[in-house]
> 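Quick one: structure below, then a few questions.
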Amino acid sequence: MTKHYRYRLHPWLNKCVCVLEKAILPILIFQLIRTLFITTTFDLILLGIFIGIFIMFYLRWL
């Protein structure tokens, strides 16, 4: 993949990716707090997915 792969997407998909990039950190923090208080297997899996998505955006893989 090239470095600017995001900009070759369709405009509507590019907008969805940008919105997700801005919203993933508050969602991740909320899920982390929820997992600390109410720990279930589903919460741990969901937290792992959100951490993975956050790392993908942070390292510019997506």
> Going from CG on Leu36 to CD on Gln31, what distance comes out if it is rounded to the nearest 0.5 angstrom?
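Rounded to the nearest 0.5 Å, the CG-CD separation comes out at 10.0 Å.
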> Membership question, hydrophobic clusters at under 4.5 Å side-chain separation (ILVMFWY): are Val19 and Ile53 in the same one?
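Cluster IDs for Ile53 and Val19 differ.
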> Distance from Leu47 atom CG to Ile51 atom CD1, nearest 0.5 Å?
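Answer rounded to 0.5 Å: 4.0 Å.
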> Taking a hydrophobic cluster as the set of Ile, Leu, Val, Met, Phe, Trp and Tyr residues connected by side-chain heavy atoms closer than 4.5 Å, whether directly or through intermediates, do Leu44 and Phe54 fall within one such cluster?
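Unlinked, Leu44 and Phe54 end up in two clusters.
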> Using a 4.5 Å cut-off on heavy atoms from C-beta on, say whether the side chain of Phe50 contacts that of Leu32.
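No, side chains not in contact.
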> Could you go through Leu46 and Thr35, starting from their C-alpha distance and side-chain angles, then the distance that decides it, and tell me whether this counts as side-chain contact (heavy atoms from CB on, under 4.5 Å)?
CA-CA 9 Å; Leu46 202 58; Thr35 303; over 6 Å; no
> Does the pair Asp43 and Thr40 meet the rule for a side-chain contact (heavy atoms from CB on, under 4.5 Å), with working shown?
CA-CA 5 Å; Asp43 287 328; Thr40 63; 3.0 Å; yes
> Can you tell me how far the CE atom of Met56 sits from the CG atom of Leu20, to the nearest 0.5 Å?
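That separation rounds to 9.5 Å.
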> Would a single hydrophobic cluster contain both Leu13 and Ile24, if residues Ile, Leu, Val, Met, Phe, Trp and Tyr are joined by side-chain heavy-atom contacts under 4.5 Å?
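Per the 4.5 Å side-chain linkage, Ile24 and Leu13 are co-clustered.
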> Are Ile49 and Phe30 grouped together when hydrophobic residues (ILVMFWY) are joined by side-chain heavy atoms under 4.5 angstrom apart?
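Ile49 and Phe30: separate clusters.
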